[in-house]
Colleague: 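Dumping the structure here so I can ask a few things about it.
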Amino acid sequence: MATTDPDCIFCKIASGEIGARVVHRDEHAIAFLDMAPWHEGHTVVVPRRHVKDVLDEPTALAEIAPAVSATAKLLVDRLGADGINVLSNAGEVAGQTVFHLHVHLVPRYAAEPGIGALVQQRDPGDLDAVLARLTNGQL
C-alpha cells in the first residue's frame with residue numbers, strides 16, 4: 001500500500017487535495033509546473049507515494065523514471081526547448097526544500113545556455129498558458 005505524509009505538500013498534490021497544473025500523470029508519478037520556475041516550463045515530477053529523497057528508497061527513482069522521460073519529451077516537443085536539465089536534490093545541504101523525492105525538469109533554450117543560467121528564479125508568467133501548450137486542454 002502506498003504511504004503518504006499528511007503534512008507533505010507534494011503528497012497533497014499527488015492525492016489531489018491541493019491543486020496543481022498537472023502536465024503528466026501515471027500510476028506511480030505526477031508531474032506539475034513549478035510555481036517558482038527557473039525557465040519556462042520548469043516541471044517537477046514526484047512519486048505518488050511519500051519517499052523522502054532519492055537516497056531514502058532504492059527503487060523510487062526507477063518507479064518514476066518513465067514519467068520523468070515522458071514529461072521531459074513533452075516539454076521539449078511542445079515548448080520548443082533546445083535541451084533540458086534533470087535535477088534532484090537529496091538533503092537540505094544539497095538544496096532540498098520539500099522533503100518528498102522530486103525531479104526537476106528544466107527546459108533550456110539557446111538564448112540562455114549553460115549551467116550558470118540554470119537556477120535564476122523568474123517571474124512565473126502565465127502558467128495557465130504554458131499548461132495549455134503542454135496538455136492541449138487534456139489530462
Side-chain angles (χ1 to χ4, degrees):
M1 180 172 191
T3 59
T4 61
D5 177 341
D7 298 320
C8 174
I9 191 166
F10 286 172
C11 285
K12 291 177 182 181
I13 290 171
S15 73
E17 182 180 339
I18 292 177
R21 291 174 175 88
V22 176
V23 301
H24 177 86
R25 61 171 53 111
D26 64 26
E27 177 183 354
H28 299 288
I30 186 167
F32 51 91
L33 293 176
D34 195 296
M35 295 297 292
W38 297 337
H39 289 265
E40 181 184 59
H42 179 173
T43 299
V44 178
V45 181
V46 304
R48 289 183 178 273
R49 65 188 179 105
H50 187 78
V51 177
K52 184 176 112 184
D53 60 39
V54 70
L55 302 173
D56 192 41
E57 169 139 1
T59 62
L61 191 57
E63 287 173 10
I64 67 170
V68 169
S69 293
T71 304
K73 182 166 178 27
L74 178 74
L75 294 171
V76 169
D77 290 349
R78 299 263 176 95
L79 298 181
D82 300 298
I84 194 154
N85 288 106
V86 179
L87 172 72
S88 184
N89 302 321
E92 185 175 357
V93 73
Q96 186 176 9
T97 57
V98 177
F99 295 92
H100 181 120
L101 170 63
H102 55 288
V103 175
H104 293 270
L105 298 175
V106 185
R108 300 301 303 281
Y109 303 93
E112 295 183 273
I115 198 75
L118 174 62
V119 294
Q120 299 170 2
Q121 189 171 333
R122 315 193 179 232
D123 179 326
D126 187 349
L127 291 176
D128 290 328
V130 174
L131 179 65
R133 286 171 59 198
L134 291 169
T135 64
N136 290 330
Q138 305 297 310
L139 199 61

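Fair warning: this is a prediction, and the values are worked out from it, not measured in the lab.
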Colleague: Find out whether Ile64 and Leu101 are in side-chain contact, i.e. whether some heavy atom of one side chain is under 4.5 Å from a heavy atom of the other.
Modeller: yes
Colleague: Compare every heavy atom of Pro107 with every heavy atom of His42, then report the nearest pair and how far apart it is.
Modeller: N-CD, 3.7 Å
Colleague: Any side-chain to backbone donor/acceptor pair from Gln96 onto Lys52? Under 3.5 Å, distance only.
Modeller: yes
Colleague: Hey, what do you get for CG (Asn89) to OG1 (Thr97), rounding to the nearest 0.5 Å?
Modeller: 8.0 Å
Colleague: If you look at every heavy atom in Leu131 and Val22, which pair is closest and at what distance?
Modeller: CD1-O, 3.3 Å
Colleague: How far apart are the C-alpha atoms of Leu61 and Val103, what are their side-chain angles, what is the distance that settles it, and do they pass the side chain to side chain contact (heavy atoms under 4.5 Å, CB included) test?
Modeller: CA-CA 9 Å; Leu61 191 57; Val103 175; 3.9 Å; yes
Colleague: Minimum heavy-atom separation for Gly41 to Val130, with atom names?
Modeller: CA-CG1, 4.1 Å
Colleague: For the backbone of Arg48 and the side chain of His100, can you confirm whether one donor and one acceptor N or O come within less than 3.5 Å of each other?
Modeller: no
Colleague: Answer whether the closest heavy-atom distance between the side chains of His104 and Asn85 falls below 4.5 Å.
Modeller: no
Colleague: Working to the nearest 0.5 Å, report the span between CZ of Arg49 and OG1 of Thr3.
Modeller: 6.5 Å
Colleague: Give the minimum heavy-atom separation between Ala31 and Thr71, together with the two atoms involved.
Modeller: CB-OG1, 3.6 Å
Colleague: Does Val51 offer a backbone N or O that forms a donor-acceptor pair with the side chain of Asp56 under 3.5 Å?
Modeller: no
Colleague: Over all heavy atoms of both residues, which pair between Ala62 and Pro66 is shortest? Give the atoms and the distance, please.
Modeller: O-CD, 3.6 Å
Colleague: Do side-chain atoms of Ser15 reach the backbone of Lys12 as a donor and acceptor pair under 3.5 angstrom?
Modeller: yes
Colleague: Are Ile30 and Phe99 joined in one hydrophobic group, where the rule is that I, L, V, M, F, W and Y side chains link up if heavy atoms are under 4.5 Å apart?
Modeller: no
Colleague: Any side-chain heavy atom of Leu134 within less than 4.5 Å of one from Leu33?
Modeller: yes
Colleague: If we only count heavy atoms from C-beta on, is the Val44 to Phe10 side-chain gap below 4.5 Å?
Modeller: yes
Colleague: Taking all non-hydrogen atoms of both residues into account, name the closest pair between Ala29 and Val45 and its distance.
Modeller: CB-CG1, 4.1 Å
Colleague: If you apply the rule side chain to side chain contact (heavy atoms under 4.5 Å, CB included), what do you find for Arg133 with Leu79, and how did you get there?
Modeller: CA-CA 7 Å; Arg133 286 171 59 198; Leu79 298 181; 3.5 Å; yes
Colleague: Are the side chains of Val106 and Leu87 in touch, meaning some heavy atoms are under 4.5 Å apart?
Modeller: no
Colleague: Applying side-chain contact (heavy atoms from CB on, under 4.5 Å) between Thr43 and each of Asp34, Val68, Leu75, Ile84, report the one that passes.
Modeller: Leu75
Colleague: Any donor and acceptor pair, going by atom type alone, linking the side chain of Ser88 with main-chain N or O of His102 inside 3.5 Å?
Modeller: yes
Colleague: Heavy atoms, side chains only, cut-off 4.5 Å: are Val46 and Phe32 in contact?
Modeller: yes
